[in-house]
K.L.:
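What follows is a structure written as structure tokens; I'll ask about it next.
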Amino acid sequence: MVRLITHNLLACHVKGCNTNNFPLEFRDVQIELREAEFNPEFLKGFMPKIEWKALVDAARQLGDTSLPLEQPEMLDDDFLKNLHHVLLEIHVEEGIMTCPNCKHDYPVLNGIPNMLLAEHEIG
Amino acid sequence: MIPTPDLSHLTADDYDCVYEPAEDTFLLLDALEADEQELKQLRPRITLEIGSGSGCVSAFIAKILGPSVLYLCTDINPHACRCTLSTGVQNKVALDPINVTFAAPLSLRLKRSVDVILFNPPYVPTIPDEASGAQDARGIAGAWAGGVDGMNVTDVFLERVEDLMSDRGRFYLVAIAENDVPGIQERMLRLHGLQSDIILSRRAGREHLFVLRFVRDLSRVCS
């Protein structure tokens, strides 16, 4: 299950690919929605770790436009519920994540991101 | 008493490809259980297990810490990643496996951000080629074959772990006597400013197993 919370932490790690290597871009994805228990404390605690623009862009690539472009200052319940859905309930089951810089493709298979590199690509 | 995670969904076929929890695994579980209160007080946001295998250890710490934590798990073996995922489902905890060596694609975003890091490495001394070949094959031998002093794989991660640890972060490592535990402790303090304690040790057959816990050396953090 590649959830967007995980996607928001993954960067390209090909040898020498050090700039503009985050966030990875989704394409050809199959997604599943799975309900998760709403946990506002977790969301508030995790907010400082999120790269907001990367999250909003990834959600839009997956067809979800519920998040505002700017991270709001007031964390009301409606916002937190949308954030909960985007971060934790959208699962990318199959697809490809592409580095915006070097265009390396990382496949997602059975919900697991394959971030392995060939020997000559390892930094 | 925290129950050992339910692994009844894993089969003999899974254990042909993925390390089956054994004495070393259970020693790490016991060490985490002994630290239960401290771990809860730390209120971690992110844990990271390197080489999660069956997913037993991450499922166990998820039982301790509950749902307010992101449980990242990496393994070089794709079959192990599938087992980690299914062990999360079986135990009603959300484990997020990533098929990769160590934590390379996470290091940009998780710089000094991980509160608990867990690593039960391939620590068994073998001939050198056996260790590197085992990692390249991405199969079950990669879960134990560790090279001449059993440190081939562990040493690579020890170079990188400090960069991932949050200020209050802690790193749990399994080792055996042949790995030269005092040597590991001395190097980590000298090179990376990480203070460590042996928090549990046990003899299991021929192996003398240890769990080490590393934290930042406070005198250095404040300076």
Side-chain angles (χ1 to χ4, degrees), chain A residues 1-15 17-24 34-51 54-55 84 87-89 91-93 97 99 104 106-119 121-123, chain B residues 42-48 52 55 62 65-86 88-89 92-115 132-133 135-138 142 156 159-160 164 166:
Chain A
M1 50 178 193
V2 184
R3 303 188 291 176
L4 292 191
I5 193 168
T6 307
H7 171 266
N8 202 259
L9 302 173
L10 290 174
C12 180
H13 62 117
V14 168
K15 187 178 183 176
C17 184
N18 303 318
T19 54
N20 187 35
N21 57 342
F22 170 88
L24 305 173
R34 285 186 220 137
E35 236 173 88
E37 198 177 324
F38 180 56
N39 183 344
E41 291 316 305
F42 173 70
L43 295 168
K44 286 177 194 165
F46 210 86
M47 286 279 285
K49 269 318 296 171
I50 296 171
E51 279 283 342
L55 180 66
H84 166 75
L87 275 183
L88 304 172
E89 294 189 325
H91 296 245
V92 174
E93 290 297 317
M97 300 185 296
C99 172
H104 187 90
Y106 296 97
V108 179
L109 302 164
N110 302 308
I112 296 164
N114 177 351
M115 304 297 291
L116 292 167
L117 297 174
E119 191 63 37
E121 298 167 325
I122 297 171
Chain B
L42 188 66
R43 296 175 65 93
R45 249 172 229 152
I46 302 174
T47 73
L48 170 64
S52 56
L65 295 172
S68 292
V69 182
L70 176 65
Y71 300 100
L72 294 170
C73 305
T74 71
D75 205 297
I76 194 170
N77 174 350
H79 198 117
C81 291
R82 290 193 286 277
C83 291
T84 295
L85 188 62
S86 62
V89 173
K92 301 186 173 58
V93 294
L95 306 182
D96 285 89
I98 301 166
N99 188 198
V100 77
T101 318
F102 303 116
L106 296 165
S107 58
L108 176 76
R109 292 277 293 121
L110 290 185
K111 205 171 170 55
R112 293 183 81 114
S113 299
V114 186
D115 303 304
S132 57
Q135 290 304 306
D136 293 344
R138 294 165 184 170
V156 178
E159 283 294 310
R160 305 175 186 180
L164 290 162
S166 67

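Remember, predicted model here, so these are calculated numbers, not experimental data. Residue numbers begin at 1 in each chain, while the letters A, B, ... track the order of the sequences.
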K.L.:
Rounded to the nearest 0.5 Å, what separates atom CG in Leu109(A) from atom SG in Cys81(B)?
P.N.:
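So the CG of Leu109(A) and the SG of Cys81(B) are separated by 10.5 Å.
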K.L.:
Which atoms of Leu85(B) are under 4.5 Å from chain A, going by heavy atoms: the side chain, the backbone, both sets, or neither?
P.N.:
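Contact with chain A: side chain only.
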K.L.:
Against chain B, label Leu43(A) side chain, backbone, both or neither, depending on which of its atoms sit under 4.5 Å from a heavy atom there.
P.N.:
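Leu43(A) has no heavy atom closer than 4.5 Å to chain B.
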K.L.:
Listed by chain and number, what are the side-chain contact (heavy atoms from CB on, under 4.5 Å) partners of Pro40(A), not counting sequence neighbours?
P.N.:
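For Pro40(A), the residues satisfying side-chain contact (heavy atoms from CB on, under 4.5 Å) (neighbours in sequence not counted) are Phe38(A), Leu80(A).
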K.L.:
Report, as yes or no, whether the 6.0 Å neighbourhood of atom CZ on Arg34(A) holds more than 12 heavy atoms from other residues, nucleotides or ligands.
P.N.:
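Counting neighbours around CZ of Arg34(A), more than 12 heavy atoms of other residues, nucleotides or ligands fall under 6.0 Å, so yes.
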K.L.:
Please identify, among Thr74(B), Asp136(B), Val69(B), the residue contributing the most non-hydrogen atom pairs under 4.5 Å to chain A.
P.N.:
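The option with the most such pairs is Val69(B).
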K.L.:
For Arg45(B) and Gly45(A), indicate whether the former's side chain and the latter's backbone hold a donor-acceptor pair under 3.5 Å.
P.N.:
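Such a contact is found between Arg45(B) side chain and Gly45(A) backbone.
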K.L.:
Among Phe46(A), Phe42(A), Phe22(A), which has the most heavy-atom pairs under 4.5 Å with chain B?
P.N.:
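Greatest number of close heavy-atom pairs with chain B: Phe42(A).
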K.L.:
Distance from Glu37(A) atom CD to Ser68(B) atom OG, nearest 0.5 Å?
P.N.:
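Here the interatomic distance stands at 9.0 Å.
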K.L.:
Can you measure from CD1 (Ile112(A)) to CG (Asp75(B)) and round to the nearest 0.5 angstrom?
P.N.:
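Ile112(A) CD1 to Asp75(B) CG: 10.0 Å, rounded to 0.5 Å.
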K.L.:
Of the listed residues (Pro78(B), Pro97(B), Pro67(B), Pro105(B)), which shares the most heavy-atom pairs with chain A below a 4.5 Å separation?
P.N.:
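The option with the most such pairs is Pro105(B).
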K.L.:
Check whether Ala103(B) gets within reach of chain A through its side chain, its backbone, both or neither, counting any heavy atom under 4.5 Å.
P.N.:
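No part of Ala103(B) comes within 4.5 Å of chain A.
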K.L.:
Of the backbone (N, CA, C, O) and the side chain (C-beta and beyond), which part of Asn18(A) lies under 4.5 Å from a heavy atom of chain B, both, or neither?
P.N.:
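Answer is neither: Asn18(A) stays 4.5 Å or more from chain B.
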K.L.:
Nearest heavy-atom pair of Leu108(B) and Ala11(A): which atoms, and what distance?
P.N.:
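Heavy-atom minimum between the residues: CD2-CB, 3.6 Å.
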K.L.:
Tell me, side chain or backbone of Ser113(B) under 4.5 Å from chain A's heavy atoms, or both, or neither?
P.N.:
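For Ser113(B), the contact with chain A is made by the side chain alone.
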K.L.:
In terms of heavy-atom proximity below 4.5 Å to chain B, should Asn39(A) be classed as side chain, backbone, both, or neither?
P.N.:
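For Asn39(A), the contact with chain B is made by the side chain alone.
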K.L.:
Which atoms of Leu87(A) come close to chain B, meaning under 4.5 Å heavy atom to heavy atom: side chain ones, backbone ones, both, or neither?
P.N.:
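Contact with chain B involves no heavy atom of Leu87(A) at all.
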K.L.:
Using modelled atom types only, decide if a donor and an acceptor are shared between the side chain of Lys49(A) and the backbone of Leu110(B) within a distance under 3.5 Å.
P.N.:
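Not confirmed, Lys49(A) side chain does not pair with Leu110(B) backbone.
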K.L.:
Which answer fits Arg138(B), side chain, backbone, both or neither, if we ask what part of it has an atom under 4.5 Å from a heavy atom of chain A?
P.N.:
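Answer is side chain: those atoms of Arg138(B) sit under 4.5 Å from chain A.
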K.L.:
According to the salt bridge (charged side-chain N to carboxylate O under 4.0 Å, His left out) rule, which pairs have a member within residues 92-101 of chain B, sequence neighbours left out?
P.N.:
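Only Arg3(A)-Asp96(B) qualify under salt bridge (charged side-chain N to carboxylate O under 4.0 Å, His left out).
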K.L.:
Side chain from CB out, backbone as N, CA, C, O: work out which of these in Ile46(B) comes under 4.5 Å of a heavy atom of chain A, or both, or neither.
P.N.:
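Contact with chain A: side chain only.
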K.L.:
With rounding to the nearest 0.5 angstrom, report the CG to CG distance, Leu9(A) to Leu70(B).
P.N.:
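Result: 6.5 Å between the selected atoms.
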K.L.:
Could you tell me which non-hydrogen atom of Leu10(A) sits nearest to which non-hydrogen atom of Ile98(B), and how far apart they are?
P.N.:
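Heavy-atom minimum between the residues: CD2-CD1, 3.9 Å.
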